[in-house]
Amino acid sequence: MSLYKYKGKNRFIIKEVPNNQLLTSLGVTVGLVTTIVSKMPLGGPILIHVGKRQVALGKEIADHIIVDEVKEIGLPS
Amino acid sequence: MDCHHEEIKPSFQDGQQKFLLMGNPNVGKSVIFSRLTGKQVLTANYAGTTVSFASGEMIGSKGKGMLIDVPGTYSLQASSQAEEVAITLLKEDVDAIICVLDATNLERNLLLALDLVKLKTPVVFALNLIDIAERKGITIDIHKLEALLEAPVIPTIAIRNVGLNKLVSTCNKIARMTSEKKTLEEESIDHVKKARDIVTAVETVEDRSPTFFDKLGDWAMVPFPGIPIALVMLILSLAVVVGGGKGLRAIIFLPFLNDVYTPFMTWVVSHFVTEGVIYGLLVGEFGVLIKAFEWPIALILPYVFLFYIVLSILEDSGYLPRLGVLMDGLLRKIGVQGNTIIPFIMGYGCAVPAIIGTRAATTKKERLVVATLVTLAIPCTAQTGAFIALLGDHSMILLILVFLVSFVVIFIGGLILNKIIKGKVDPILIEVPNLLVPNGRTLLKKFGYRTKHFMIEAEIPMIIGILIAAVAIETGLLSSTGEYVKPIVVDWLGLPEEASIALVLGIIRRELGVLPLLQLDLSLLQMFVGSVVALLYLPCMSVFAVLMKEFRLKVALLITLSTIVFAFLIGGIINQTVTFLLNL
Ligand SMILES: Nc1nc2c(ncn2[C@@H]2O[C@H](COP(=O)(O)OP(=O)(O)O)[C@@H](O)[C@H]2O)c(=O)[nH]1
């Protein structure tokens, strides 16, 4: 599912990212396991944790990032 | 970017050493540059402050080294304008590179570092922001990092001048080691992985409970409480500028003007000339000696001063990019990215740096939209001061209404521009910077610089404007030209004929479109209409010049023309509607 549509509180893993050098530089790469910080109103960007920082991704980019929920087995939330 | 190449070439002299200052955006590069060269570049806590590059002589370098501040880049992949500039500069023959790293975000910063150490040019690393890293519980093993990068690493705290001397001396040392050095092990190794490995090897993170500032930074990044926080910020800023400004004026500036300055000047002048034209020109209704002090200093300066304090704090704290992310959704409706909130806010200071600041915007369309809206509907601090002087003492509601008109026009104007200007808006993609407590000394320098700049920029045009007004009034020239403007000024806008002097002077400076109204006896409606017209009316001469430089003459003329039409249209509509309603 696309990152922009991802609603879960759980961690997710990034499966696919568009080819964009800045994304790579900011650490948004395939295999990154992280969580959503928030989504801004009026079609605004979605924020995710990358390391100790937060990265804001506009809708058009987040639409093209494919993620998958990471099932946390046996962990109390 | 082409125009910047011209800026750099002439400064390269033969035999002069050349150093490049590089680093990711927002690592403290501008601070280091001003410390190393003694030149003031405006620093700010957001990506893209360094949009074009500056160069200056490096203090303490032998043979007068030239230091070039390269725009912030994340890598050397030529994937953005800034990176292209960086690559072009690297092709020049460079003696050494100073690369600034953010100690709080080492892994990402190492991507650029790894690109640089592959080059032939010697590199020294400044590991900056170690004070913040320490606060966050991050410790970095410098010796190990040096070994892994095969280059010297100097820990620095740029804003407190820590480590910078050592940085310069190391830079001089390595510049002389003409490099037949290292070939880091083979290319193909993945930088992302390598950076991760290095960080694992050199960095230890101790869990610290987040400080209040860390928490505030996080709160600002979720719609709730992010939006209330933004509103509180707005109200606080306004309270400081408007309330503080009025206080300063009432307590210091006006008593000085009325009780000391004016009587003194009048007394001096009356010793030399008797009542008449010359007397009028000097100390009369538009007397140069009086107005040249009263307008820019007693009425405007308090606001300019306070506005720049607030702006500098907002910039250096790292709050503005957060506001940009928060407002992105709304701003996209008017055809710009959230990031452009920064030039918009700068526009409340002065449109000139705001328009230059749009260079950081990704698309041409965004630049045009921001430049047009800033020119059209955002009052500069000086003009805001003039509004407060005119309206603030009569009706705070009208003052707020002027700002509401400004917001509405920005929004509607933006919607229209978004429709008529072709092109797309790139999606936002930024890393949210640390929220920092701004450093007192850096702040002081910054608004000292900005206030001084205002005084120099404002005083001379002000005097010229006042002279024109004084001559026009004292010689009766104004009343004879009044006939021509009567249909617009008197019939349509409902202002007295003499108000046309404001329209003429508004060309010189924006606040001069308002201040002459102070001399007239106006009704509240007339004050409001006059303010709205002045708000929307023409860019001042400096703004026109910068529009021409940044875009083209045609664009500058088009923007100018549409602002005039808009100003008279809206001002007239307000006047006619209110008059009509009152006569019912
Ligand atoms: N605490 C702290 N703040 C710093 C340090 N160096 C720079 N800053 C602040 O970090 C922000 C970004 O600096 P700036 O020079 O504009 O970054 P640039 O984008 O790399 O040019 C500014 O608010 C600086 O005052 C440092 O060593 N310690």
Side-chain angles (χ1 to χ4, degrees), chain A residues 1-67 70 75 77, chain B residues 24-25 47 73-80 83 102 104-109 111-112 115 133 136-138 191-193 195-196 199 205 214 217-224 226-227 321-322 324-333 337-339 424-434:
Chain A
M1 121 181 61
S2 89
L3 172 60
Y4 203 74
K5 298 221 173 68
Y6 184 82
K7 293 249 159 48
K9 286 238 179 302
N10 287 343
R11 295 189 302 161
F12 59 84
I13 180 163
I14 294 183
K15 291 284 182 195
E16 262 179 66
V17 287
N19 186 8
N20 177 331
Q21 179 59 40
L22 188 54
L23 276 175
T24 319
S25 300
L26 292 177
V28 183
T29 46
V30 172
L32 179 75
V33 177
T34 183
T35 50
I36 305 264
V37 179
S38 64
K39 194 156 152 189
M40 291 302 171
L42 301 167
I46 191 162
L47 278 106
I48 62 171
H49 290 288
V50 179
K52 290 177 277 292
R53 299 293 180 95
Q54 302 176 347
V55 172
L57 302 150
K59 181 174 185 303
E60 282 164 61
I61 297 177
D63 273 341
H64 292 106
I65 297 178
I66 309 296
V67 302
V70 177
L75 277 176
S77 58
Chain B
N24 286 4
T73 55
Y74 290 109
S75 69
L76 290 181
Q77 312 286 340
S79 60
S80 70
E83 286 171 14
D102 174 354
T104 66
N105 199 6
L106 190 58
E107 184 172 328
R108 218 222 24 230
N109 278 246
L111 297 177
L112 176 65
D115 275 343
K136 293 187 180 240
I138 302 171
H191 277 183
V192 176
K193 181 171 175 307
R196 200 168 301 155
V199 169
V205 184
D214 296 334
D218 288 345
W219 288 335
M221 291 288 57
V222 279
F224 187 86
I227 294 172
R322 287 177 166 74
V325 171
L326 196 68
M327 305 264 295
D328 184 62
L330 184 65
L331 287 174
R332 295 187 73 80
K333 305 258 181 301
Q337 250 189 39
N339 280 335
K424 67 185 199 83
V425 185
D426 283 338
I428 195 170
L429 176 55
I430 60 164
E431 183 190 64
V432 180
N434 286 320

Item to check | Approximate separation, where rounding is to 0.5 Å, of A:Leu47 CG and B:Arg322 CZ | outcome: 9.5 Å
Next on the checklist: What part of B:Leu331 gets within 4.5 angstrom of chain A, counting heavy atoms only: side chain, backbone, both, or neither?
Outcome noted: neither
Next on the checklist: Is it true that, when you exclude B:Lys333 itself, more than 12 heavy atoms of the residues, nucleotides or ligands shown sit nearer than 6.0 Å to its NZ?
Outcome noted: yes
Item to check | Qualifying residue for side chain to side chain contact (heavy atoms under 4.5 Å, CB included) with A:Met40, from B:Asp328, B:Leu330, B:Leu326 | outcome: B:Leu326
Checklist entry - Which bit of B:Lys136 comes within less than 4.5 Å of chain A, counting heavy atoms only: side chain, backbone, both or neither? => result neither
Checklist entry - Can you say whether A:Leu26 sits under 4.5 Å from chain B via the side chain, the backbone, both, or neither, judging by heavy atoms? => result both
Item to check | Proximal component of B:Ile138, with respect to chain A [non-hydrogen, under 4.5 Å] | outcome: side chain
Checklist entry - Nearest 0.5 Å, what's the CD-CZ distance between B:Glu107 and A:Arg53? => result 12.0 Å
Checklist entry - Of the backbone (N, CA, C, O) and the side chain (C-beta and beyond), which part of B:Val425 lies under 4.5 Å from a heavy atom of chain A, both, or neither? => result backbone
Item to check | Non-hydrogen atoms of A:Gln54 and B:Asp218 that approach each other most closely | outcome: NE2-OD1, 3.3 Å
Checklist outcome for this item: Bottom line for B:Leu111: the part with an atom under 4.5 Å from chain A's heavy atoms is side chain
Item to check | Non-hydrogen atoms of B:Pro223 and A:Pro41 that approach each other most closely | outcome: CG-CD, 4.0 Å
Item to check | Name of the residue among B:Leu429, B:Val325, B:Ile430 meeting side chain to side chain contact (heavy atoms under 4.5 Å, CB included) with A:Val55 | outcome: B:Leu429
Checklist entry - Going from CG on B:Leu76 to CD on A:Gln21, what distance comes out if it is rounded to the nearest 0.5 angstrom? => result 10.0 Å
Item to check | Any donor-acceptor pair under 3.5 Å from A:Ser38 side chain to B:Met221 backbone | outcome: yes
